[in-house]
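Data block below; observations after.
All chains are named by letter (A, B, ...) in the order of the sequence lines, taking the proteins before the strands, and each is independently numbered beginning at 1. Here the structure is a predicted model, which means the values were calculated and not measured.
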Amino acid sequence: MISVGSGATAPDPLPPLEEAIAKERDDAASPAAAGGGGGERSGTQDYQQRKSGPWLHAWHDPVAGMVCFSQHMCVADLHGDGDHRLVLVDRKKRIRIYRGTSIQWEQRLLEPPVAVQCFYHDTATPPIPTLVVAAGHQLFIYRHLQPYMKFALPPLPIDEREKDTWNRLEGLPEGEGVEEAFNQLMKLREAGVQLSRRSMDLLAVDDVAQRAKTAEEHKGVPLVQLPAISCMETLRQNIDQPTGVSVVVVAAEAFSHKGIIFILNPHVDKILRKVELDGTPAFVHCLGLYDVEYRLTVATRDGTVHTIKNGALLGSAVELETPCCGLVRLDKFIFVGCMDSVIHVYHFKGKKSHSIHLPCPLTTLTGLSLPRLRVQRALLVTLNDGQVRLYGNNGKDLLHSFSLLNDDIVTGALFGQYGREEGALVLSCKSGAILVKILSRTSTLEPARSGSSLSDGEEATGGPVPAEQDVPLNIPKKTRLYVEQMDRERQSAVHMHRTFQRDLCRLRLKTARAYVSNLVDMGQSPTSVPSTSGAGEAHLSLTADVIGLTGPHFDVQLRIHNAGSHALSNVCVMCVSSPPGLYALTPAMAPLPLLLPQHTSVHTIRAQEQPPEGGGAPTGAGQVRCFVVRMAVEGRGHQAARPLTTVYVQMPISEGG
Amino acid sequence: MGIFKRLFGLFYKRRTKVKILAVGLDNSGKTTLLKKLRPKKADLSTVPTVGYEFESFSKNGVAFDCVDMSGQSKYRNLWEHYFTDTDGVIFVVDATDKLRFVVVREELETMLSHQEFSRRKIPLLFFANKMDLHDAVTPNELLATLQLDDLAHPWRIFASNALRGEGLEEGVGWLVDAIAEHKTTAK
Ligand SMILES: Nc1nc2c(ncn2[C@@H]2O[C@H](COP(=O)(O)OP(=O)(O)OP(=O)(O)O)[C@@H](O)[C@H]2O)c(=O)[nH]1
Ligand SMILES: [Mg+2]
């Protein structure tokens, strides 16, 4: 029997008081150390620290090799044994199931998946969930880890006139009637008819010959328009319990900028309801019970948030300023993450509550619901600088933040029960790594104290509530001068506006003139500065840097500065290796953009040292000679050969051979 | 087994009763393990313990008074109520549940930070349970991940199989022994 033990004579533990102080010190240090938002990214051990704020570091597999979005991940008690498995799918057409820290099962999918979900289709004991993977227009159903069935969303109705157009084309020999069909389709589109993808493709071809070819390709293939699933969620049917039977909510793109929401029965073989809306759905959130009352929140790619209540699309919609990149509901609030690094918070009935400003764009948004903790709900936001932030109090308090290493970014996040742990957070990263964190039972999740480095840094970059908000603005009193000025503005507003417009026009004219004169001067320069003399062109300075230590690859960086007062156009840079053939230069010759006066343009040339012929020892370092040359202007070809400026770059000795 | 019996016998003269607290995460096998320890053959099927359960039996002349705590996170805050009244602790770890070793460490730390543990040197017996399963880690690996080296209490770790009783007698033998030693030195 293996046994390991300690001697009974271990050193005394710290006296209680000292221990308590040491602990307090540790506690105080941990949120600050886990910062990373402020000036310096602290600590390399950050995200793998055993404990960082409320998070315990459970497991990290840097080479899992799956990059998943949040939709590609789910956890479920797949075998009804209380040990929840993690299901991942990825764009490489794989489905993988993790049990604890090891892979339990992996298979290939037929099509790149869009989303994966687990739900219960009936009330068996032990309850075994159904796994459904959405791909293209199809849903693949797995039970007991066996492919069970497949459900395809029905094709969409196509306008009769469009069908006619294609049918007519079908009977004609190649190349005939294409133009006619094209014009007809164009007319249909202008009339506002929703065209199929095939027609849209044809309309997008400009070239007539190409058009005929495109049309020919479609001959013999029936004209169908299939919906493309964009997201999938589940909605409990009549019991609000973890094992309650659910219906599947599938959102799909129908025609361009149109979406359809399908609600499918728990056996996934019948469509219970169909709702059409404007815009392609990007995120769906379900709330309530299908048989009682439910509400679907749908964020579309064009930045609108629609609400569907009991199968009817509500008239009111939230229009966002920028496209949406995350949707979460916590309690009565809906959090919409937008591309402009802001999370807008709405009451679920549509009233705006507040906004959370982030220092950089967010990648995922996840809601944490923790009935047993003091802070019952929290919002997890991952940013594209690798930060993972936790917000409490409806996003008003930043509770904690840690950073990933090596510029890694979280692409997908999932919070739920994994293994036997209820509060597990699974993160999938851009590098293919998987990270599992566990929310500590004893964590109080208090807002990061002001005074710690973390909140200092944040407040400045526009944290939840900037301190300045409470400081009244220094508004000067209304003086008589001010009042008079205001009166004047009111009376002669038109006149003022006109004056302003006139001056603006003048300014524009002046700018345009200066621009033109610059161009004209430049055009004259070959005559005014004889290119044979070269003296006049000495305004060009050329410096070179070699980047690369050991070779055999080097980058030669040329900085071309036009110190003269005229712009130079039509120049190019040429490079020659000396001795010839020692370096392969790419590009050996490149045209330069317009060289504006007092402006430096940077140009990089790649020099690859070639092994000497016959396999002998490297001949040692050579030179790269760079010339800036005016390109041949017609009729004056002989003049063009004269370089404007030259630099010989001594290359370092390559050790790579 | 001879030495074991003798130690028990030695102990028996001074003290007949030991109070033991069984803790560990849910599903680690505490209830199974205590049932198996009982001399009477019992049905080993268990349901997750709710709150806690008392278990008393005597074995080799020692009377055990055990408190079998529930390991579910909602009940873990009950553990500390029994610290004052215990002679030794059995900490059962599911050696296959690698994902939650960090939680085990966290709970261990929480337990050791309790004042009762800084006041008394309560012996700690760790079981790396479910060693029959192929993905179980060895006691050596477990003690490394749990960083048991720096414990200020007498402790020992054994591999065990609660279903078949392997490793249990040795472990409990050591615990009873350690309790006895602790009591004599404390006097
Ligand atoms: N293979 C194997 N299974 C075990 C072993 N010990 C316990 N189990 C199983 O683990 C499961 C949980 O055992 P319990 O004794 O109920 O666990 P517990 O620690 O009392 O759980 P809670 O009461 O919820 O804290 C049961 O299905 C046992 O059969 C073991 O050594 N090997
Ligand atoms: Mg139990």
Side-chain angles (χ1 to χ4, degrees), chain A residues 1-20 22-23 26-27 48-52 54-61 81-86 98-102 104 370-373 417-424 426 436-443, chain B residues 25-28 48 71-74 76-77 94 96-103 105-107 109-110 112-113 115 117-119 121 123-126 128 131 135 138-140 142-145 147-160 166-167 169-171 174 178 181-182 185:
Chain A
M1 193 56 27
I2 321 150
S3 92
V4 191
S6 74
T9 53
D12 276 335
L14 284 175
L17 188 63
E18 269 183 66
E19 195 177 61
K23 190 168 177 302
D26 287 351
D27 286 355
Q48 285 200 37
Q49 244 174 15
R50 193 173 61 75
K51 190 170 180 187
S52 147
W55 297 114
L56 302 175
H57 182 76
W59 179 53
H60 177 217
D61 183 0
D81 56 1
D83 186 0
H84 289 236
R85 316 294 156 99
L86 170 66
Y98 278 94
R99 170 174 192 263
T101 57
S102 50
Q104 179 192 339
L370 330 142
R372 253 172 238 123
L373 280 186
Q417 176 160 6
Y418 182 31
R420 293 187 180 274
E421 187 54 52
E422 283 161 358
V426 185
V436 180
K437 295 265 177 192
I438 289 176
L439 203 59
S440 158
R441 174 176 72 89
T442 48
S443 68
Chain B
L25 302 190
D26 44 311
N27 197 54
S28 55
Q72 291 170 44
S73 59
K74 59 184 163 192
R76 279 181 218 155
N77 53 358
D94 179 349
T96 63
D97 192 2
K98 297 173 193 128
L99 203 64
R100 289 204 296 171
F101 285 168
V102 67
V103 184
R105 170 72 198 175
E106 174 79 1
E107 294 300 344
E109 247 165 47
T110 313
L112 292 178
S113 65
Q115 56 175 12
F117 276 81
S118 37
R119 199 169 66 79
K121 284 213 181 119
L124 295 170
L125 166 63
F126 292 90
M131 68 169 197
D135 53 346
T138 64
N140 270 318
L142 190 60
L143 93 86
T145 25
Q147 297 163 325
L148 296 182
D149 306 305
D150 51 4
L151 279 193
H153 291 255
W155 64 273
R156 200 157 280 212
I157 185 165
F158 291 87
S160 68
E166 288 160 28
E169 305 265 323
E170 290 87 336
W174 171 83
E181 200 171 310
H182 171 67
T185 49

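The salt bridge (charged side-chain N to carboxylate O under 4.0 Å, His left out) search around A:Asp61 returns none, not counting sequence neighbours. Residues passing the side-chain contact (heavy atoms from CB on, under 4.5 Å) test with A:Ser102: none are found, sequence neighbours excluded.
Rounded to the nearest 0.5 Å, atoms CZ (B:Arg100) and OG1 (A:Thr101) are 13.0 Å apart. Atom CZ of A:Arg99 is separated from atom OG1 of B:Thr96 by 6.5 Å, given to the nearest 0.5 angstrom. For the atom pair A:Ser440 OG and B:Glu107 CD, the distance stands at 7.5 Å (nearest 0.5 Å). Summarising the geometry, atom CD1 belonging to A:Ile438 is positioned 11.5 Å from atom CZ belonging to B:Phe101; distances are rounded to the nearest 0.5 Å. Rounded to the nearest 0.5 angstrom, B:Glu106 CD and A:Arg441 CZ are separated by 8.5 Å.
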B:Leu25 and A:Arg420: side-chain contact (heavy atoms from CB on, under 4.5 Å), yes or no, with the steps? CA-CA 10 Å; B:Leu25 302 190; A:Arg420 293 187 180 274; over 6 Å; no
Dump the intermediate steps for side-chain contact (heavy atoms from CB on, under 4.5 Å) on B:Gln147 and A:Arg50, then the final yes or no. CA-CA 12 Å; B:Gln147 297 163 325; A:Arg50 193 173 61 75; 4.0 Å; yes
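Interface residue B:Arg76: backbone and side-chain heavy atoms are both found under 4.5 Å from chain A. Heavy-atom distances place both the backbone and the side chain of B:Asn77 under 4.5 Å from chain A. Heavy atoms of B:Gln72 lying under 4.5 Å from chain A are absent altogether.
For B:Leu99 against A:Ala58, the heavy-atom pair with the smallest separation is O-CB, 3.3 Å.
Ranked by heavy-atom pairs shorter than 4.5 Å toward chain A, the options B:Asp26, B:Leu125, B:Asn27, B:Thr110 are led by B:Asn27.
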